[in-house]
Amino acid sequence: MALRIIVGLVLTAVAAALAGRRLGWLYRIGRSGQPAPERIAAVREHPGRDAETQATEVLGQRKLLKWSVPGIAHFLTF
């Protein structure tokens with residue numbers, strides 16, 4: 001019983017370390033881009049339009065759902 005707990009904790013620690021490393025890498029990629037003040041100004045002027053665009057492109061995955069079977073399978077999976 002104790003061995004199972006130890007193995008589970010070790011695997012959890014390894015997974016947390018890998019996830020943390022990946023998050024750090026993604027953060028560095030995100031911060032490496034050039035600033036886009038015109039994009040920020042456009043979002044501040046029309047927040048509803050930007051929210052709608054994000055909802056249809058990201059949450060709705062409009063491009064992926066153009067494919068019938070793979071798109072629906074992906075939608076149902078996630």
Side-chain angles (χ1 to χ4, degrees):
M1 182 71 171
L3 180 62
R4 180 181 281 179
I5 292 173
I6 291 170
V7 169
L9 289 173
V10 167
L11 289 175
T12 301
V14 168
L18 290 174
R21 199 171 155 187
R22 177 70 171 184
L23 285 173
W25 179 73
L26 290 172
Y27 178 77
R28 284 192 305 275
I29 286 176
R31 298 297 298 168
S32 68
Q34 295 294 319
E38 66 280 351
R39 181 180 172 273
I40 294 170
V43 170
R44 286 189 178 147
E45 289 176 16
H46 306 286
R49 183 180 64 191
D50 187 60
E52 180 183 346
T53 301
Q54 289 297 319
T56 58
E57 292 290 335
V58 178
L59 298 176
Q61 299 201 7
R62 185 170 59 177
K63 289 183 181 179
L64 184 63
L65 290 176
K66 287 181 182 178
W67 304 340
S68 58
V69 176
I72 292 170
H74 181 79
F75 177 77
L76 292 173
T77 301
F78 289 97

Leu3: hydrophobic cluster co-members (side-chain, 4.5 Å):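 Val7, Leu11, listed by chain and number.
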Apart from Leu26 itself, residues in the same hydrophobic cluster as defined by side-chain heavy atoms under 4.5 Å: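 Joined to Leu26, directly or through intermediates: Trp25, Ile29.
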Contacts of type side-chain contact (heavy atoms from CB on, under 4.5 Å), residue Ala36, not counting sequence neighbours: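 side-chain contact (heavy atoms from CB on, under 4.5 Å) check on Ala36 returns Glu38, Arg39.
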Spatial distance of atom CZ (Arg28) from atom CG (Leu23) [nearest 0.5 Å]: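 The CG atom of Leu23 is 10.5 Å from CZ of Arg28, to the nearest 0.5 Å.
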